[in-house]
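First the structure, in the form of structure tokens, and then the observations on it.
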Protein chains: 4
Amino acid sequence: MSDVGHNSGSIVAERLWSIVCRIERLEDEKKALSADIKEIYQEAKSGGFDCKTIRALIRERKQDPADVEEQETLLDTYRRALGPYADTPLGAAAMERVAAHA
Amino acid sequence: MSDVGHNSGSIVAERLWSIVCRIERLEDEKKALSADIKEIYQEAKSGGFDCKTIRALIRERKQDPADVEEQETLLDTYRRALGPYADTPLGAAAMERVAAHA
Amino acid sequence: MSDVGHNSGSIVAERLWSIVCRIERLEDEKKALSADIKEIYQEAKSGGFDCKTIRALIRERKQDPADVEEQETLLDTYRRALGPYADTPLGAAAMERVAAHA
Amino acid sequence: MSDVGHNSGSIVAERLWSIVCRIERLEDEKKALSADIKEIYQEAKSGGFDCKTIRALIRERKQDPADVEEQETLLDTYRRALGPYADTPLGAAAMERVAAHA
DNA sequence: ACTGAAGGCTGCCCGC
DNA sequence: GCGGGCAGCCTTCAGT
């Protein structure tokens with residue numbers, strides 16, 4: 001073990017400290033932001049808005065700008081297949097793919 | 001500490017053991033069920049189905065038989081208000097309630 | 001409904017928009033911070049640290065040392081109480097009773 | 001596309017239904033077990049036990065004791081390294097491994 | 001004060 | 001082997 005090695009513990013400790021410190025700092029900032037958000041919800045509530053609905057709205061907006069439709073289409077196929085269960089109106093064609101796989 | 005107290009520890013310990021044991025047993029059963037479910041998903045996958053979509057389908061069916069509509073109505077009001085943001089097509093009337101509250 | 005009332009919908013909508021907008025902004029910032037934290041953990045991992053342990057360390061530092069000790073003490077009490085049951089034949093027999101009952 | 005193919009949609013639909021149905025059944029059973037567990041925790045609480053501690057106990061029992069000890073040891077190493085931060089009393093040696101990795 | 005829900009964190013499993 | 005996605009657990013917070 002070299003002299004450098006002898007001191008490397010300190011160096012490593014310092015790096016560990018740096019890591020922990022930075023993470024804790026960032027987590028504090030996150031916590032502060034959460035508090036701010038909470039405050040806004042309270043303000044909304046005071047203004048007569050329904051917070052639960054606002055949460056739903058924001059949740060929706062978060063996933064809207066995505067490819068929801070593609071997933072929705074496939075889900076619809078499955079839904080139709082399940083609906084009357086033994087019935088396959090126009091989902092049959094789409095289901096052929098699955099049958100072909102078998 | 002009386003003799004009764006001396007023995008009560010055992011009694012309490014037995015009760016604690018009973019509690020822990022029963023919980024662990026139930027958790028094992030839960031785990032077994034999870035394994036079964038997983039197996040079915042694999043079977044589905046082998047059959048050419050899309051597991052993610054099946055999950056979505058099941059999730060939907062779980063919350064469908066509820067009062068989704070009531071919540072949806074209010075959400076729609078808020079959604080319309082936000083749409084063009086400053087616009088209040090027919091959500092204005094619904095929004096009066098909020099205004100009155102202010 | 002007055003003229004003021006006629007416009008109040010817009011005003012309310014604007015307030016709603018303000019609320020939603022600010023919340024989404026704050027949530028974006030939170031998300032960014034989460035990404036930063038994740039990055040630091042990756043750096044830690046690259047440096048040969050065990051991330052799981054670092055997480056444990058940070059979790060521990062977040063709590064009051066007194067609480068930690070108290071919790072640990074109680075856990076030890078329960079652990080000791082359970083020990084004789086789980087590890088002895090007598091305990092095993094008692095275990096059967098409960099198992100049969102379940 | 002054969003006649004069989006013509007009907008395969010129904011067949012596939014039936015298989016899908018089977019999958020969904022079985023999964024939902026199993027999930028219901030899981031839910032029931034969760035309710036049972038919750039009930040036991042309530043019973044524990046009524047009996048004067050601390051549920052949080054019981055949960056910790058069960059969590060601990062789920063793991064290999066060796067792993068628990070190893071994790072605790074590593075945590076201690078990190079803790080000592082961080083304590084006076086720049087100080088590495090006897091954690092230095094343990095930290096060498098990390099240094100070697102860098 | 002307690003219960004029920006919402007969000008965040010953790011461990012697991014799959015695909016790359 | 002690793003990073004992402006997903007389900008479960010824990011914690012916190014609003015509501016009662």
Side-chain angles (χ1 to χ4, degrees), chain A residues 23-24 26-46 49-60 62-63 66 71, chain B residues 23-24 26-42 44-46 50-56 58-59 62-63 66-67 71, chain C residues 23-24 26-27 30-35 37-39 41-43 45-46 50-60 62-63 67 71, chain D residues 23 26-27 30-31 33-35 37-39 41-42 45-46 50-60 62-64 67-68 71:
Chain A
I23 290 173
E24 287 182 339
L26 291 170
E27 286 189 346
D28 282 349
E29 292 181 27
K30 271 182 72 177
K31 197 176 168 187
L33 289 173
S34 293
D36 290 346
I37 290 172
K38 186 180 165 188
E39 204 175 335
I40 294 176
Y41 274 116
Q42 265 179 335
E43 172 195 326
K45 186 183 173 187
S46 301
F49 293 102
D50 180 53
C51 291
K52 186 178 172 186
T53 304
I54 292 177
R55 284 179 194 278
L57 183 60
I58 288 174
R59 207 181 307 128
E60 188 185 81
K62 220 178 281 177
Q63 65 184 1
Q71 179 65 20
Chain B
I23 289 172
E24 287 182 341
L26 292 169
E27 285 188 347
D28 281 349
E29 292 181 28
K30 271 182 71 176
K31 197 176 168 186
L33 289 173
S34 293
D36 291 346
I37 290 172
K38 186 180 165 187
E39 207 175 333
I40 295 176
Y41 273 116
Q42 265 179 333
K45 187 182 173 187
S46 301
D50 180 54
C51 291
K52 186 178 171 184
T53 304
I54 292 179
R55 285 179 195 279
I58 288 174
R59 206 180 309 127
K62 220 178 283 177
Q63 65 184 1
D67 48 352
Q71 179 65 20
Chain C
I23 290 173
E24 288 183 338
L26 292 170
E27 286 189 346
K30 272 182 71 178
K31 199 177 167 186
L33 289 173
S34 294
I37 290 172
K38 190 179 168 185
E39 205 176 336
Y41 274 115
Q42 266 178 334
E43 173 195 327
K45 188 182 174 185
S46 302
D50 180 55
C51 291
K52 186 179 168 181
T53 304
I54 293 178
R55 284 179 194 278
L57 184 61
I58 289 174
R59 209 181 305 127
E60 188 183 82
K62 244 180 248 176
Q63 310 168 357
D67 290 345
Q71 179 64 22
Chain D
I23 289 173
L26 292 170
E27 287 190 346
K30 272 182 71 177
K31 197 177 167 186
L33 289 173
S34 294
I37 291 172
K38 189 179 168 185
E39 205 175 335
Y41 274 116
Q42 263 178 336
K45 187 181 174 185
S46 301
D50 179 55
C51 292
K52 186 179 171 182
T53 304
I54 293 178
R55 284 179 194 278
L57 184 60
I58 289 174
R59 207 181 309 127
E60 187 183 84
K62 247 179 244 173
Q63 310 168 359
D64 181 356
D67 290 345
V68 172
Q71 178 64 24

In Å and rounded to the nearest 0.5 Å, what is the CZ to CZ distance from C:R55 to C:R59?
-> 8.5 Å
First and last nucleotide of DNA chain F in contact with chain D, 5' to 3', at under 4.0 Å to a heavy atom: what are they?
-> F:dG8 to F:dT11
Rounded to whole angstrom units, what separation is found between the NZ atom of B:K52 and the C1' atom of E:dC13?
-> 15 Å
To the nearest Å, give me how far apart NZ (D:K31) and P (E:dG4) are.
-> 13 Å
Figure out the CD/P separation between D:Q63 and E:dT10, and round it to whole Å.
-> 14 Å
Using atom NZ of A:K30 as one end and atom C1' of E:dG8 as the other, report the distance to the nearest whole Å.
-> 7 Å
Rounded distance in Å - NZ (D:K62) to P (E:dG11) | 12 Å
Contact class for C:R59 vs. all strands (heavy atom < 4.0 Å): base, sugar-phosphate, or nothing?
-> sugar-phosphate
When rounded to the nearest 0.5 Å, the distance separating CD of C:E24 from NZ of A:K62 is 8.0 Å
For the student: nearest non-hydrogen atoms of C:I37 and A:K30, plus distance | CD1-CD, 3.9 Å
Between CD1 on residue A:I23 and CD1 on residue C:I54, distance to nearest 0.5 Å = 6.0 Å
By nearest-heavy-atom nucleotide on DNA chain E, the more 5' of A:E27 and D:Q42 is D:Q42
Return the value, rounded to whole Å, for the distance between atom CD of A:E29 and atom P of E:dG8.
-> 16 Å
Gap between atoms CG and C1', on D:D67 and E:dT10 respectively (whole Å) | 16 Å
Separation between CD (A:E27) and OG (A:S34), nearest 0.5 Å, reads 11.0 Å
Could you state the CZ-P distance from C:R55 to E:dT10, rounded to the nearest angstrom?
-> 5 Å
Counting heavy atoms not belonging to C:E39, are there more than 12 under 6.0 Å from its CD?
-> no
Can you tell me how far the CG atom of A:D50 sits from the CG atom of A:L57, to the nearest 0.5 Å?
-> 11.0 Å
Comparing A:Y41 with B:K38, nearest DNA chain E nucleotide closer to 5' gives the residue A:Y41
